[in-house]
A.B. asks: 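Below you will find the structure I want to go over with you.
Letters A, B, ... mirror the listed sequences (proteins, then strands); counts begin at 1.
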Amino acid sequence: MDKFIQIWGEFNFSLETYNTLLMTIVPLVFAYVIGLPLGILCVISDKNGIRPNKIANNILNVVVNLGRSIPFIILLVMLIPFTRLLLNTAIGPWAASVPLTIACIPFIARVVEQSLKEVDQGVIDASISMGATDFQIITRVYLVETIPSLIRGVAISAIALVGYTAMAGAVGAGGLGHIAINQGFFRNNMSVAFIACILIVVIVQVIQISLEFTAKKVDKKNIK
Amino acid sequence: MLKLSNIHKKFNQNNSVLHALNDVSLHVQEGDIYGIIGLSGAGKSTLLRSIACLSSIDSGTITVDGIDIANLKGASLRNFRKNIGVVFQGYNLLMQKNVFANIAFPLLLNKTPKDVVEKRVNELIAIVGLQGKEKSYPATLSGGQKQRVAIARALATSPKILLLDEVTSALDPLTTKQILKLLKDINETSGVTMVMITHEIGVVSKICKKVAVLNYGIIEEDGLTSDVLQNPSSEITRTLLGKETLNG
Ligand SMILES: Nc1ncnc2c1ncn2[C@@H]1O[C@H](COP(=O)(O)OP(=O)(O)OP(=O)(O)O)[C@@H](O)[C@H]1O
Ligand SMILES: [Mg+2]
């Protein structure tokens with residue numbers, strides 16, 4: 001136990017846990033600000049959507065697929081100049097949040113799109129027949145009818161981000177991944193790597209369990 | 001009040017063209033309960049979607065009180081929609097909203113004041129007999145109750161015309177009887193014109209004053225229900241009546 005406390009202090013686990021959480025939450029929020037509207041646009045511009053638009057839909061799909069197909073580790077390096085331009089630095093958790101956000105946007109767009117597609121076409125027809133505007137269909141039907149699914153999507157995205165933070169950590173962002181890889185595995189300090197991994201697992205579990213609980217709680221469609 | 005003249009609608013189905021509505025003309029008078037009967041694939045839902053302005057027609061005109069609805073667009077179309085209530089084949093309720101919110105939905109869309117909404121929704125809940133279920137969610141309701149919610153929702157904006165697509169086909173005989181009685185009562189008290197789409201002759205004979213028989217997009221015959229059912233002039237009507245099989 002004493003050894004644990006000593007390791008905890010020496011490698012500053014509290015700070016790095018905080019950094020991992022920061023690199024998860026900050027990019028998650030920013031990526032949703034852009035990814036959510038993109039996901040909505042994908043759905044409404046689809047040929048069965050409320051505003052079918054083949055050109056816009058194709059462009060969106062190409063952009064999203066392109067974004068998703070670039071491996072994160074490459075994006076991380078590729079975006080260094082952009083991050084410098086934006087924040088004057090390319091190291092630390094805030095700087096890492098830039099590539100993390102960008103990597104997450106297309107991912108979130110798809111996750112949101114999948115959720116929104118769960119809405120039955122009949123419900124959309126019904127809303128149109130009741131005189132709903134496109135904006136009302138988006139905000140009052142699509143986004144409300146799929147809330148449980150959207151919450152589960154947040155969990156999926158957040159967990160994917162936790163994974164990305166470890167990669168970012170390996171190249172100077174800090175966080176638990178950084179401790180596990182640079183100070184644990186590379187220096188053959190297995191107890192340090194082990195504690196870092198356990199903490200990552202705990203973070204992932206907390207995200208999963210709390211959001212799944214919330215999704216179940218708000219879902220009025222699948223009530224027993 | 002509702003007049004369809006020479007409606008044509010074609011669908012392109014992998015290389016072939018399907019004439020889903022072929023020169024359909026109908027005249028529905030105010031206060032009528034007008035039945036449209038036909039077998040599966042006859043074009044009934046296509047016809048309903050056209051009247052509800054949910055899909056376009058290739059040619060012909062649809063007028064409601066003299067207004068050509070095919071020419072309506074944007075805000076004037078959205079505004080016009082409160083004149084037509086639709087009850088869909090599969091209820092199409094909002095599953096994350098309770099009964100009250102579902103019925104209030106069309107009113108809230110056009111920014112009706114809260115107190116007016118509350119009064120109107122309670123009125124509708126009483127009409128369809130769902131008192132005590134205001135806070136229930138659709139997932140916990142029976143088919144008949146869901147249909148009552150769908151009917152109340154369609155009536156919320158006090159439409160002139162109520163379009164009903166197979167409202168009883170998923171219900172048991174007793175519930176069917178109750179829903180038909182409810183619709184008949186609503187028609188008598190409020191005078192709302194109803195267009196009932198169905199494949200069940202029993203529904204037509206129970207509540208429809210007039211009927212049109214639709215077969216492969218063509219109106220085979222129409223007129224007063226009593227006349228059509230007693231002296232069917234087309235083979236398809238006899239088939240629907242169960243008097244004759246398609247193989248003779
Ligand atoms: N969007 C569409 N694209 C292509 N074909 C269609 C489309 N909608 C309907 N059809 C075709 O038009 C015909 C009429 O369909 P419709 O849904 O109106 O039939 P229906 O009388 O309502 O049948 P049911 O009793 O089974 O509901 C069918 O052959 C159907 O396959
Ligand atoms: Mg149908």
Side-chain angles (χ1 to χ4, degrees), chain A residues 36 39-40 43-44 46-54 112 114-154 211-224, chain B residues 45 48-55 69 72 74-99 101-112 135-141 149-150 153-157 159 161-166:
Chain A
L36 183 71
I40 293 169
V43 172
I44 67 170
D46 185 81
K47 67 177 192 300
N48 297 317
I50 51 173
R51 277 285 178 96
N53 186 325
K54 206 166 180 174
V112 167
Q114 287 311 316
S115 294
L116 300 189
K117 279 195 169 159
E118 288 168 20
V119 178
D120 191 58
Q121 183 58 39
V123 175
I124 303 297
D125 284 346
S127 323
I128 296 173
S129 80
M130 290 184 269
T133 61
D134 291 346
F135 186 74
Q136 287 173 324
I137 292 174
I138 293 166
T139 55
R140 299 188 187 201
V141 183
Y142 273 124
L143 294 179
V144 175
E145 284 295 289
T146 58
I147 283 180
S149 177
L150 287 169
I151 292 173
R152 292 191 176 99
V154 172
L211 289 179
E212 181 57 33
F213 176 80
T214 315
K216 276 221 175 74
K217 189 140 187 137
V218 299
D219 191 359
K220 306 296 180 198
K221 187 176 178 182
N222 303 298
I223 6 183
K224 281 164 275 134
Chain B
S45 294
L48 175 128
R49 291 180 63 84
S50 311
I51 303 171
C53 303
L54 287 169
S55 50
I69 62 176
L72 294 171
S76 54
L77 172 59
R78 275 198 303 279
N79 215 25
F80 173 79
R81 288 186 187 281
K82 57 173 167 289
N83 295 311
I84 298 186
V86 190
V87 180
F88 291 88
Q89 206 159 350
Y91 317 120
N92 294 348
L93 299 176
L94 297 163
M95 300 306 283
Q96 304 293 349
K97 287 191 183 341
N98 64 24
V99 167
N102 264 282
I103 300 173
F105 194 67
L107 298 169
L108 295 173
L109 287 178
N110 57 48
K111 305 194 169 55
T112 315
K135 293 205 168 69
S136 301
Y137 288 88
T140 66
L141 300 179
V149 179
R153 181 176 72 172
L155 288 170
T157 54
I161 302 173
L162 191 62
L163 302 176
L164 304 131
D165 196 356
E166 305 274 13

A.B. asks: Is it the side chain or the backbone of B:Leu94 that comes within 4.5 Å of chain A heavy atoms, both, or neither?
C.D. replies: both
A.B. asks: Please find the pair of heavy atoms, one from B:Leu108 and one from A:Arg140, that lie closest to each other, and give the distance.
C.D. replies: O-NH1, 3.6 Å
A.B. asks: Output the option from B:Leu54, B:Asn98, B:Ile84 having the highest count of non-hydrogen pairs under 4.5 Å with chain A.
C.D. replies: B:Leu54
A.B. asks: Contact part of A:Val218 toward chain B, heavy-atom cut-off under 4.5 Å: side chain, backbone, both or neither?
C.D. replies: backbone
A.B. asks: Just to be sure I understand the criterion: a residue of residues 143-152 of chain A counts if one of its heavy atoms is under 4.5 Å from a heavy atom of chain B. Which ones qualify?
C.D. replies: A:Val144, A:Glu145, A:Pro148
A.B. asks: For a quick test of reading the model, state the closest non-hydrogen atom pair linking A:Gln136 to B:Leu109 and the distance between them.
C.D. replies: NE2-O, 2.8 Å
A.B. asks: Looking at B:Ala52, B:Gly74, B:Pro106, B:Pro159, which makes the most heavy-atom pairs under 4.5 Å with chain A?
C.D. replies: B:Pro106
A.B. asks: Are there residues of residues 123-132 of chain A whose heavy atoms fall under 4.5 Å of chain B's heavy atoms? If so, which?
C.D. replies: A:Val123, A:Asp125, A:Ala126, A:Ser127, A:Ile128, A:Ser129, A:Met130, A:Gly131, A:Ala132
A.B. asks: Is any side-chain heavy atom of B:Arg78 closer than 4.5 Å to one of A:Thr133?
C.D. replies: yes
